[in-house]
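A short write-up of the structure that comes next.
In this text, all values refer to a predicted model and were calculated from it rather than measured experimentally. Naming: A, B, ... by sequence-line order, numbering from 1 per chain.
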Amino acid sequence: MPGRRIRRLRRSELPIDTTELARYLIGKTLVRELDGARMTGRIVETEAYVIGDAAGHAFRGRTQRNEVLFWERGHAYVYFIYGVHYMLNVSSETPGIGAGVLLRALEPFEGIELMQRNRGTTALRELARGPGRLAYALRVDPSLNGVDLCAAGPLWLGAEMHPVGRIGKSTRIGLTLEAHRVLRFYERGNVFVSGSKRLNQ
DNA sequence: AGTGCGATTGACT
DNA sequence: GTCAATCGCACTA
């Protein structure tokens, strides 16, 4: 299958700050390896869940569920929401500090047929537009919770494959707590970004 | 032990 | 635009 070489990001390259990391990840590549096949996409939308953020899962302290948010930056935190969907986050601070970046949308790059099969649709725009859809497209599930995204394995982060456009920001989507905070980042004008037109200006 | 509700999505009026 | 789906977590008692 498509064997285009993608340089894996080193942990030392990841900013040690949740908001900085959320911005940094726009345009980077997410690589999913599964059964000898590979799916990749450009990260085009993220949200930061920062230190002391009441909307973040780490806010009430370390538990079995949110454990990975307290790991060194660059680990996958996968959780289940609404009894229906999985969401993929990247831990984002130093060990012992709980915070993360939610990956909200990808621009599909390689392995598109496989993503289409996983999603049960051929509509390219809809494959990974939104955090739940992203997880379905790449078959992200709790077995990937805790995976080191800076190491070879089933899921990792790669350098950008294409130039990155202007980065926009807005309030985060779907929150009641801390709803005013401007912690969502996205590539402007990219049709694979979720959210309303208002939020994407 | 019981309860309320969520970092969403897809189907439907 | 509205709404149900469906489960585990965290909080109350």
Side-chain angles (χ1 to χ4, degrees), chain A residues 17-26 30 41 43-71 73-93 97-108 115-147 149 155 167-187 191-200:
Chain A
D17 175 272
T18 303
T19 307
E20 287 302 307
L21 180 63
R23 190 183 290 114
Y24 172 85
L25 288 176
I26 300 297
L30 183 64
I43 298 169
V44 295
E45 181 184 354
T46 62
E47 283 178 358
Y49 288 85
V50 300
I51 297 168
D53 181 354
H57 286 188
F59 184 65
R60 292 167 209 287
R62 192 167 181 157
T63 66
Q64 194 165 39
R65 177 208 199 190
N66 65 24
E67 168 73 19
V68 177
L69 286 176
F70 292 79
W71 292 8
R73 68 194 188 285
H75 288 86
Y77 168 53
V78 179
Y79 74 93
F80 191 49
I81 186 73
Y82 295 118
V84 185
H85 309 294
Y86 295 115
M87 312 251 156
L88 173 62
N89 300 249
V90 182
S91 67
S92 55
E93 297 282 343
I97 307 289
V101 172
L102 172 68
L103 303 186
R104 286 194 56 93
L106 296 183
E107 176 176 343
M115 293 189 209
Q116 289 171 327
R117 225 172 303 148
N118 293 338
R119 286 273 292 113
T121 176
T122 57
L124 198 57
R125 306 281 152 93
E126 307 304 319
L127 284 186
R129 182 177 178 273
R133 294 165 177 163
L134 184 158
Y136 280 114
L138 299 190
R139 274 204 252 166
V140 168
D141 64 34
S143 71
L144 298 177
N145 193 43
V147 162
L149 300 172
L155 188 66
I167 294 178
K169 57 187 176 179
S170 80
T171 52
R172 296 173 292 186
I173 293 177
L175 300 187
T176 51
L177 295 172
E178 306 278 1
H180 65 285
R181 304 186 77 161
V182 179
L183 292 172
R184 172 174 172 266
F185 299 92
Y186 57 93
E187 183 175 44
V191 299
F192 298 94
V193 171
S194 77
S196 68
K197 191 170 286 184
R198 182 182 67 80
L199 285 173
N200 291 342

Which string of ( ) [ ] | and . matches DNA chain B, if you list each base 5' to 3' and count Watson-Crick or G-U pairs only when both distances are under 3.5 Å?
||||||.|||||.
Which atoms form the tightest heavy-atom contact between A:Leu103 and A:Leu134, and what is the distance?
O-CD1, 3.7 Å
Report, one line per pair, each donor and acceptor closer than 3.5 Å where one atom sits in a side chain of residues 74-82 of chain A; sequence neighbours left out.
| unit_1 | atom_1 | unit_2 | atom_2 | d |
| --- | --- | --- | --- | --- |
| A:His75 | ND1 | A:Glu72 | O | 2.7 |
| A:Tyr77 | OH | A:His57 | ND1 | 2.8 |

Would you confirm whether A:Arg181, through its side chain, and A:Arg172, through its main-chain N or O, come within 3.5 Å as a donor-acceptor pair?
no
Give the table of side-chain donor-acceptor pairs shorter than 3.5 Å for residues 122-130 of chain A, with sequence neighbours excluded, one pair per line with atom names and distance.
| unit_1 | atom_1 | unit_2 | atom_2 | d |
| --- | --- | --- | --- | --- |
| A:Glu126 | OE1 | A:Arg133 | NH1 | 3.4 |
| A:Arg129 | NE | A:Val193 | O | 3.0 |

Summarise how protein sits on nucleotides 4-13 of chain C as a single string, 5' to 3': B when a protein heavy atom is under 4.0 Å from the base, S for sugar-phosphate-only contact, - for no contact.
-BBB-SSS--
Please report the distance separating the C1' of B:dA7 from the corresponding atom of C:dG1, rounded so that it comes out in whole Å.
23 Å
Search all heavy atoms of A:Leu149 against all heavy atoms of A:Leu155 and return the closest pair with its distance.
CD2-O, 3.5 Å
Does A:Ala99 offer a backbone N or O that forms a donor-acceptor pair with the side chain of A:Ser92 under 3.5 Å?
yes
For A:Ile26 against A:Ala22, the heavy-atom pair lying closest together:
CG1-O, 3.7 Å
Gap in Å between the two P atoms, one belonging to C:dT6 and one to B:dC12, rounded:
14 Å
Looking at A:Ser194, is its backbone amide N or carbonyl O close enough to the side chain of A:Glu45 to form a donor-acceptor pair, meaning the two atoms are under 3.5 Å apart?
yes
With heavy atoms of chain A within less than 4.0 Å as the criterion, where does contact along DNA chain B begin and end?
B:dG6 to B:dG10
Residues within residues 123-141 of chain A bordering DNA chain C, heavy-atom distance below 4.0 Å:
none
Check whether any side-chain N or O of A:Asp53 sits under 3.5 Å from a backbone N or O of A:Phe59 as a donor-acceptor pair, and report yes or no.
no
Classify the nucleic acid contact of A:Arg184 as base, sugar-phosphate or nothing, counting any heavy atom under 4.0 Å across all strands shown.
nothing
Say you pick atom C1' in C:dG8 and the same atom in B:dG10; how far apart are they, in whole Å?
22 Å
Checking side chain to side chain contact (heavy atoms under 4.5 Å, CB included) between A:Pro131 and each of A:Ile173, A:Leu102, A:Val140, A:Asn89, which is the one that passes?
A:Leu102
If you round to the nearest 0.5 Å, how far is CD of A:Glu93 from CZ of A:Arg73?
9.5 Å
Ignoring hydrogens and angles, tell me if any N or O in the side chain of A:Asp17 forms a donor-acceptor pair with the backbone of A:Glu20 under 3.5 Å.
yes
For A:Ala48 and A:Thr19, the nearest pair of non-hydrogen atoms, with its separation, is CB-CA, 4.0 Å
